[in-house]
Amino acid sequence: MFLDFMVEVEGLLDAALKSCGFQVPEGEVNKLALDLSPHADLASSVSFRLAPVLRRSPASIAADIHKALPAERSYVDRAELVGPYINFFMNRAFLAEVLRRALADDCWTGRMSQSAIVEHTSANPDGPLHVGHIRNSVIGDTLVRILRRAGCKVEAQYYVNDMGRQEAMVVWGRSHFPMEEIKADHATARVYIAAHKTMGERPEVKEEADRIIQGYEAGDPKISAEIKAAVDYAISGIEETLFRMNIHHDSYRWESEFVRDGSVGEIIQGLEKTGLTQWEEGAFQLDLSEFGFEKKMVLRRGDGTSLYITRDLAYHRWKAENFDRTVDILGADHKLVSSQLRTALRLLGIREPEVVIFEFVSLPTGSMSTRKGKFISADELLDQVENQALEEVRLRRPEESDEFRREVARHVAVGAVRYDVVRVSADKATTFDWKAALDFDKLSAPFIQYSHARACSILRRSAVPETFDPSLLTAENEVALIKKITEFELVIDRAARELKPHHLATYARELAEVFNLFYRFSPVLDAPDDLKAARLALVQAARNALKVSLETLGIAALESM
RNA sequence: GGGCCCGUGGCUUAGCCAGGAUAUAGCACCGGGCUUCUAACCCGGGGGUCGCGGGUUCGAAUCCCGCCGGGUCCGCCA
């Protein structure tokens with residue numbers, strides 16, 4: 001709905017500018033200088049853009065535009081002239097329409113229709129997800145949800161690195177150390193760490209790992225079976241953790257597929273045609289120095305085996321051929337490689353991916369490493385947060401059953417962890433802190449879930465009547481709530497275009513805040529009948545908005561907590 | 001050394017890409033509010049040279065340049 005209001009405002013401004021004979025300089029993205037503002041529902045500072053062109057004061061230009069705004073409007077109530085600013089406000093008809101639409105269960109289906117593939121998590125199958133990986137998973141899964149909400153047809157995919165040295169080390173470890181009877185991904189990490197330690201003491205292990213890599217590349221059936229077993233086993237544990245966090249992949253794609261089907265070979269041939277390749281120091285290399293890359297990109301090892309980067313090029317060709325948008329979620333350590341990858345794709349005439357880079361999560365003691373066994377696993381984090389949440393529920397809902405409390409604690413914990421990750425902009429490096437992770441006063445997810453539960457509590461007591469009069473909702477907090485509800489559409493649109501899930505996190509918190517104000521100042525059940533009906537409708541609309549916001553964040557919208 | 005990212009009240013953080021009207025929110029601190037739809041809530045208060053220095057502009061947290069501090073990458077690893 002918000003976008004309808006915005007479109008109308010744009011139309012009014014365009015018409016006014018035209019009738020005044022004003023022309024905004026080209027090249028501006030937001031040429032009408034429209035923005036949300038504390039002073040209006042939508043404010044334009046376009047007069048400032050025109051001032052240098054017209055050599056007049058912004059205020060007098062704004063006055064002219066304001067005077068020329070067409071009178072015919074459906075959603076715009078008034079446009080106020082405040083100095084150089086033109087402030088637009090929504091009318092009652094618009095607010096009533098927002099309310100009407102927000103009452104439907106299936107409200108907020110977006111207008112985008114492209115297909116998209118979002119690759120996220122893609123952690124090496126050599127151990128459990130740790131608190132760094134889940135930043136990838138949470139950002140990725142939230143983007144999947146946002147894009148779907150915006151209307152895109154999205155496939156969430158896990159790219160399985162089965163050909164790397166790390167997997168060869170896992171296979172070697174599995175055959176030299178006993179697998180412990182613990183969760184599959186954790187058991188895998190134990191032998192992987194042990195294999196690495198052994199390699200440090202006995203260099204010949206590296207050669208044995210090389211033989212595994214070569215055998216796999218050549219399609220040796222025994223080695224292939226071993227790798228498949230090792231990967232499947234580790235992934236089964238990783239999946240369990242992801243499932244617990246309400247994160248799902250639609251498909252898995254193994255990097256070896258691109259070697260087997262010949263596409264890696266085709267990619268290398270394609271790059272050969274650029275004339276930038278050569279055999280050097282026993283490896284086939286691509287010179288990207290003219291694009292500012294110091295180091296050459298090795299396309300094939302001397303022994304003929306392929307490398308991650310070439311398999312990734314083939315993978316991206318496949319993505320570009322099968323989807324309208326390609327989205328990659330990558331840690332900051334992949335920045336250089338991914339820009340090399342994009343350069344190579346450009347050379348091949350393949351559409352480049354949209355890459356979402358997130359900065360590192362480190363421990364107070366330094367960066368994490370699966371190989372060195374230096375990490376805090378996602379499982380451990382979830383267990384601790386869930387225990388803490390259970391304590392909180394026990395205190396607040398002593399009358400409820402143990403089963404209820406466990407269920408609430410589970411969803412509160414997942415919500416807290418997910419929200420805590422997604423609320424921070426991806427390009428902020430963070431340091432993991434147990435104290436902060438377990439401090440429920442600091443976590444905003446329960447706050448939002450609680451607002452939703454409050455709305456549900458009202459609706460449990462009284463149903464929304466068939467008819468109601470939305471014009472009775474005139475209190476400041478009621479109007480503010482309706483306006484906040486309609487902003488959802490704008491937030492999703494922006495988050496989907498910019499691939500910034502934290503916008504939604506901020507919005508959800510603001511929505512809960514505005515709802516809590518309404519809850520505090522506008523009694524629903526005790527209001528006179530007419531007003532009660534209208535307020536019940538508003539509660540239902542707010543509940544839907546909170547629900548859809550939470551669900552798009554992958555957080556359970558609890559009806560009671 | 002070079003590339004990229006970050007630097008906003010004591011702590012965490014939004015806004016920066018598309019410069020505009022009193023800079024966002026939480027935690028912590030001070031003071032209030034539960035016989036009233038769940039107080040995991042609400043209200044009020046104090047606290048900010050938006051890292052530093054230049055520049056562009058009518059106007060800079062936002063754009064440009066330089067510096068300082070932190071992170072990260074610069075493997076025939078992934």
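Proteins get letters first, then strands, A, B, ... in listed order; numbering begins at 1 in each.
Judged purely by distance below 3.5 Å, without hydrogens or angles, the side chains of Thr305(A) and Asp303(A) pair a donor atom with an acceptor atom. Side chains of Gln166(A) and Asn161(A): a donor-acceptor N/O pair is absent below 3.5 angstrom, by distance only. Between the side chains of Ser522(A) and Glu478(A), at least one donor-acceptor pair of N or O atoms lies under 3.5 Å.
Phosphate proximity of rC37(B) to Arg461(A): absent, as no side-chain N or O sits under 4.0 Å from OP1 or OP2. Under 4.0 angstrom from either OP1 or OP2 of rG15(B) there lies at least one side-chain N or O belonging to His502(A). Phosphate proximity of rA14(B) to Lys500(A): absent, as no side-chain N or O sits under 4.0 Å from OP1 or OP2. OP1 and OP2 of rA78(B) both lie 4.0 Å or more from every side-chain N or O belonging to Asn124(A). Phosphate contact (OP1/OP2 of rG19(B), side-chain N/O of Arg49(A), threshold under 4.0 Å): present. Note on Arg509(A): every side-chain N or O is 4.0 Å or more away from OP1 and OP2 of rA14(B). For Tyr519(A), a side-chain nitrogen or oxygen approaches OP1 or OP2 of rA39(B) to under 4.0 Å. Look at Arg454(A) and you won't find any side-chain N or O under 4.0 angstrom from OP1 or OP2 of rA40(B). Phosphate contact (OP1/OP2 of rC42(B), side-chain N/O of Arg520(A), threshold under 4.0 Å): absent.
If you check rC74(B), rA14(B), rA21(B) against the side chain of Ser425(A), the one that comes closest is rA14(B). Checking rA14(B), rA18(B), rA78(B) against the side-chain heavy atoms of Glu498(A) singles out rA18(B) as nearest. Comparing rA14(B), rC27(B), rA21(B) against the side chain of Val82(A) picks out rA21(B) as the nearest. For Phe447(A), taking side-chain heavy atoms from C-beta onward, the closest of the listed nucleotides rA78(B), rC16(B), rC42(B) is rC42(B). Checking rC37(B), rG75(B), rA78(B) against the side-chain heavy atoms of Arg301(A) singles out rA78(B) as nearest. Listed nucleotides rA14(B), rA78(B), rU13(B) differ in distance to Val337(A); the shortest reach to its side chain belongs to rA78(B). Nearest nucleotide to the Ala429(A) side chain, out of rA40(B), rG71(B), rC41(B): rG71(B). The Pro38(A) side chain lies nearest to rU22(B) when the options are rU22(B), rC4(B), rC74(B). Closest to the side chain of Asn516(A), from the set rC41(B), rA78(B), rU72(B), is rC41(B). The side chain of Tyr308(A) approaches rA78(B) more closely than any other nucleotide in the set rA18(B), rC42(B), rA78(B).
Base engagement by His334(A) is indicated by at least one non-hydrogen atom pair under 4.0 Å involving a base atom. At the heavy-atom level, Thr370(A) lies nowhere under 4.0 Å from the strands shown. Heavy atoms of Ile458(A) sit under 4.0 angstrom from at least one base atom. Within 4.0 Å of Ala332(A), counting heavy atoms only, lie sugar-phosphate atoms of the nucleic acid but no base atom. When heavy atoms are screened at a 4.0 angstrom cut-off, Glu399(A) is found touching no nucleic acid atom at all. Using a 4.0 Å heavy-atom cutoff across all strands shown, Leu336(A) reaches sugar-phosphate atoms only and no base atom. Residue Ser444(A) is classed as having no contact, given no heavy-atom separation below 4.0 Å to the nucleic acid. Using a 4.0 Å heavy-atom criterion, one finds that Val393(A) contacts the bases of the nucleic acid, with or without backbone contacts as well.
A distance of about 24 Å separates the P atoms of rC17(B) and rU12(B), rounded to the whole Å. rC11(B) and rA40(B) have their P atoms separated by 30 Å, with the value rounded to a whole Å. Distance check on atom P: rC64(B) versus rA28(B) gives 38 Å, rounded to whole Å. For the P atom pair drawn from rG31(B) and rG46(B), the interatomic distance equals 15 Å after rounding to whole Å. Remark: the separation of the P atoms in rA14(B) and rU22(B) is 23 Å, to the nearest Å. rG70(B) sits 15 Å from rC52(B) when the C1' atoms are compared, rounded to a whole Å. Rounded to whole Å, the separation between the C1' atoms of rG71(B) and rC42(B) comes to 39 Å. Taking atom P on both nucleotides, rA21(B) is separated from rU62(B) by 13 Å, rounded to a whole Å.
Counting to the nearest Å, the C1' atom of rC74(B) and the CD1 atom of Ile309(A) are 14 Å from each other. Here the C1' atom of nucleotide rG44(B) and the CG atom of Leu517(A) are 13 Å apart, to the nearest Å. In this structure, Lys428(A) places its NZ atom 14 Å from P of rC11(B), rounding to the nearest Å. Across the protein-nucleic acid pair, Phe360(A) atom CZ and rC6(B) atom P stand 16 Å apart, rounded to whole Å. Taking atom CG on Asp420(A) and atom C1' on rA40(B), their separation rounds to 16 Å, with Å as the unit. Trp434(A) places its CH2 atom 20 Å from the C1' atom of rC11(B), with the value rounded to the nearest Å. Between the CG atom of Leu36(A) and the P atom of rA14(B) there is a distance of 18 Å, rounded to whole Å. Spacing between atom CZ of Arg165(A) and atom P of rC77(B) amounts to 5 Å, rounded to whole angstrom units.
Across the strands present, rC11(B) finds its partner in rG26(B); the criterion is a Watson-Crick or G-U wobble pair with both atom distances under 3.5 angstrom. Taking a pair to require two hydrogen-bonding distances under 3.5 Å in either a Watson-Crick or a G-U wobble arrangement, rG66(B) pairs with rC52(B).
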* How far apart are the C-alpha atoms of His316(A) and Asp328(A), what are their side-chain angles, what is the distance that settles it, and do they pass the side-chain hydrogen bond (donor to acceptor under 3.5 Å, both in side chains) test? -> CA-CA 10 Å; His316(A) 279 85; Asp328(A) 293 351; 2.5 Å; yes
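Between Val424(A) and Asp439(A), the residue whose closest nucleotide on RNA chain B is further toward the 5' end is Val424(A). Judged by closest nucleotide on RNA chain B, Ser37(A) is the one of Gly302(A) and Ser37(A) placed further toward the 5' end.
Within the cation-pi definition used here (under 6.0 Å to the ring centroid, within 45° of the axis), Arg454(A) qualifies as a partner of Tyr519(A). Both tests hold for Arg78(A) against Phe89(A): distance to the six-membered ring centre under 6.0 Å, angle to the ring axis within 45°. Cation-pi check for Lys296(A) over Phe293(A) is not met; the charged atom does not lie both under 6.0 angstrom from the ring centroid and within 45 degrees of its normal.
Between Glu359(A) and Lys335(A) there is a salt bridge, with a side-chain nitrogen of the basic residue lying less than 4.0 Å from a carboxylate oxygen of the acidic one.
If you check distances only, the side chain of Glu510(A) never reaches the base of rA14(B) with a donor-acceptor pair under 3.5 Å. Evaluation of atom-type donor-acceptor distances gives a pair under 3.5 Å for the side chain of Asn87(A) against the base of rA21(B).
Tyr192(A) and His196(A) have their aromatic ring centers within a separation under 6.0 angstrom.
Ring planes of Tyr252(A) and Tyr158(A): parallel class, angle under 30° (limits at 30 and 60°).
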